[in-house]
Protein chains: 2
Amino acid sequence: MYDVAERSGVSIATVSRVYRNPDSVRAQTRERVLEAARELGYVPSGNARGLASRTTGVLGLCFPDYADPDAEADAEADSDADDAVMLYSDQIIRGMERAARRHGYALLIAASLEGGPESLVAKVAGRVDGFAVLAQTVPTEDLEVISRRLPVVMLAGPREIDHLDHIVVANADGERELARHLIEDHGLRRLAFIGGEVESPDAEARFRGFQQACRDAGLPVPDAPDLRAEMMTQAEGARTAEALLDRNAGLSDSERPQAMLFANDQMAVGALRALERRGVRVPEDIAVTGFDGIPLSRIVRPPLTTVRQPIRQLGEQAVELLVQRLSDRERPPVSLMLPVSLARRASCGCG
Amino acid sequence: MYDVAERSGVSIATVSRVYRNPDSVRAQTRERVLEAARELGYVPSGNARGLASRTTGVLGLCFPDYADPDAEADAEADSDADDAVMLYSDQIIRGMERAARRHGYALLIAASLEGGPESLVAKVAGRVDGFAVLAQTVPTEDLEVISRRLPVVMLAGPREIDHLDHIVVANADGERELARHLIEDHGLRRLAFIGGEVESPDAEARFRGFQQACRDAGLPVPDAPDLRAEMMTQAEGARTAEALLDRNAGLSDSERPQAMLFANDQMAVGALRALERRGVRVPEDIAVTGFDGIPLSRIVRPPLTTVRQPIRQLGEQAVELLVQRLSDRERPPVSLMLPVSLARRASCGCG
DNA sequence: ATCTAGGGTGAATGCGCTTTCAGAAGAAAT
DNA sequence: ATTTCTTCTGAAAGCGCATTCACCCTAGAT
């Protein structure tokens, strides 16, 4: 910048103005400066600018370093499938990027490898005006510290820190509606719910929705999932499906569950495969449902009935909240719940 | 930082060391500092750090602001399809993010709205250690200036500036192999190639591959595509397909083209729909192929035979090149060509 | 007890830019 | 020609951190 100033015979202040506020510089002077900048290959330092102006024009996103084992497995088995599998994080990124672009922000993304002062999270936090965090990505403790300094919005999970903005999807409502559909529209009465880890708030919320649907329909209300998966993967889905089959082997047809509701799509897809291996027909012998609406869910046979999450909107809303908070730091914390929609497909007997 | 230093009774130099090089500080002192930082909610400024150390630990990606009209249309018509459509940019982002993560970098992404000194491109350039640019995103002129200051890798396109690293996919080889497949394996002899804009180097390279295949097979070699689309969209694919049909209406069966090779998948998908409307069966009446291997290509009926681009690898390689160049600025410019693979599906008569 | 290493720490400088605050230059008015 | 506004431009003071250099302290060696 000093070089540009010298070369064009002005002061650095004027060079700065040329970039920050072109109209405040006489056209002729401006041209001289721009010309010099071009000749010198001058690229303004975002760092210095950010330091001086105390704003970066960048928003951030931190997501878990969860290298989805299912996705990897699929990729090896079928390179086609790999392309189709758009991850949760991909969609959030897309949503945020779109919204950020509208507001003139760039987006800085990083998967958190681990915590600690030298983590990527710290890197992101130090370089953005505000950022979004996927639940269970950043230790609450770190988040607590960071959020005192800049806007943070929490995505999809419990609101661990109550002064943060946060967005969730209607997990309970979705599962409730899904179960209602099975009960009322398909006349099923014996439903089995396969949950996830206890620490997964999403899975728990979905189970609560399931309970509510049972209550609504006057069916017995279980106080815990019929089975829990260790991880919410296809492998575990397959294992739990088989476990359920084995457990119910002795029952008569009129006692046996008529549907398996899985806490997410990955498990449901795994279950579909296990059931096929066992020769159990879906949906004739038993209905199967998932949750999430991942792309894979519509490619499997039979296509999976599930609850679609508006993940892209999640990302877009995140940016909106950040932008709003940036313009008013005093605003009381906001908590949004995004509606979900039922995708009725063949695995429950529809379509 | 000054506050932290004061509160923990040390100098700012020590606070800095605690973060930059923890081992150089006595454990007891370090704890005091960390404690103070926690109490004060201290978040190191990436800007200041970057300014002082002249490195950001961030890599960038600029891609076109091409709001894909097809994707938007699909989204409205069928919210399911929307999820499945993983864009080119999504995949590059994913590839780059993975690779960046491995190297400890975060990723800054931005679609370029327009050029000029205040563009998002400028923002990215000023905040990263190096970045990747999708072809035809940034004016060559701007790129020329920026690339004098920091590593830039050009993705998928002509190498506009010869001192840049750059990566392309084997467009010509792929199309040539595709055409060879139609000719040799399916015995087709009359092939029509539908190209894209003249300025699209990818489309042109694909056409050259097509020409080569004709030459290889001893068939007449066209010196231009049978038809050109204005834009490489579904709508244009449909239009050109119909135009081709009309043009050949008067021909006998033994003169009529047996296959339509489109320069990309989007057009081919549009064509598929148009042909269906016209009652033309694929592949019985005519074979149809695309190029790219977008997820949509396997969902449509019939599934589209196409050439799969290794887009994720494109992103990963981009990061590798950047990292390498960062460690050796003097290295001669590299030019990589990534291999593609043929996806034989039903639309050409396979499977 | 004296000397020598080294690890640990602080003072000071500069990274490249933004942003007042004044002052200079030009235009308009008297 | 002088005064009075505007419009432009420059000087200078940071922004928050990394880093060098010098210095101090402690522990082991003599």
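This is a predicted model, so every value here is computed, not measured. The sequence lines fix the lettering, A, B, ..., with proteins before strands; numbering per chain opens at 1.
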Quickly work out the [X] [atom1] to [N] [atom2] distance and round it to whole Å.
{"X": "B:Asn21", "N": "D:dT19", "atom1": "CG", "atom2": "C1'", "answer": "12 Å"}
{"X": "A:Arg20", "N": "C:dG16", "atom1": "CZ", "atom2": "P", "answer": "18 Å"}
{"X": "A:Ile12", "N": "D:dG10", "atom1": "CD1", "atom2": "C1'", "answer": "9 Å"}
{"X": "A:Asn47", "N": "C:dC17", "atom1": "CG", "atom2": "P", "answer": "10 Å"}
{"X": "B:Leu51", "N": "D:dG16", "atom1": "CG", "atom2": "C1'", "answer": "9 Å"}
{"X": "A:Met1", "N": "D:dC15", "atom1": "CE", "atom2": "P", "answer": "18 Å"}
{"X": "A:Arg26", "N": "C:dA25", "atom1": "CZ", "atom2": "C1'", "answer": "8 Å"}

Inset, instruction - Using the closest heavy atom to pick a nucleotide of DNA chain D for each, name whichever of B:Arg17 or B:Tyr42 lands nearer the 5' end. - result: B:Tyr42
Inset, instruction - Describe the nucleic acid contact of B:Ser16 in one word from base, sugar-phosphate, nothing, applying a heavy-atom distance below 4.0 Å. - result: base
Taking only side-chain N and O atoms of [X], does any of them lie within less than 4.0 angstrom of OP1 or OP2 on [N]?
{"X": "A:Thr14", "N": "D:dG10", "value": "yes"}
{"X": "B:Ser53", "N": "D:dC17", "value": "no"}
{"X": "B:Arg49", "N": "D:dA18", "value": "yes"}

Inset, instruction - Would you mind checking if A:Arg7 and A:Glu39 are paired as a salt bridge, meaning a charged N to carboxylate O distance below 4.0 Å? - result: yes
Legend entry - Pairing of B:Glu35 and B:Arg38 as salt bridge, 4.0 angstrom limit: yes
Inset, instruction - Please name the pair of heavy atoms, one in A:Arg32 and one in A:Gly9, separated by the smallest distance, quoted to 0.1 Å. - result: NH2-O, 4.2 Å
Legend entry - Within-4.5 Å side-chain heavy-atom neighbours: A:Arg325 and A:Val153: no
Legend entry - Heavy-atom side-chain contact between B:Leu150 and B:Asp129 under 4.5 Å: no
Would the base of [N] count as contacting [X] through its side chain, where contact means a donor and an acceptor less than 3.5 Å apart?
{"X": "B:Arg54", "N": "C:dG14", "result": "no"}
{"X": "B:Arg30", "N": "C:dG8", "result": "no"}
{"X": "B:Tyr2", "N": "D:dC15", "result": "no"}

Inset, instruction - Name the residue closer to the 5' end of DNA chain C, choosing between A:Ser45 and B:Thr29 according to the nucleotide with the nearest heavy atom. - result: B:Thr29
Legend entry - Degree of bending, the helix from C:dA1-D:dT30 to C:dT30-D:dA1 (end axes from five pairs; round to 10°): 40°
Legend entry - Donor on one side chain, acceptor on other, B:His103 and B:Glu320, under 3.5 Å: yes
Inset, instruction - Would you please say whether a donor-acceptor pair under 3.5 Å links the side chains of A:Asn47 and A:Arg127? - result: yes
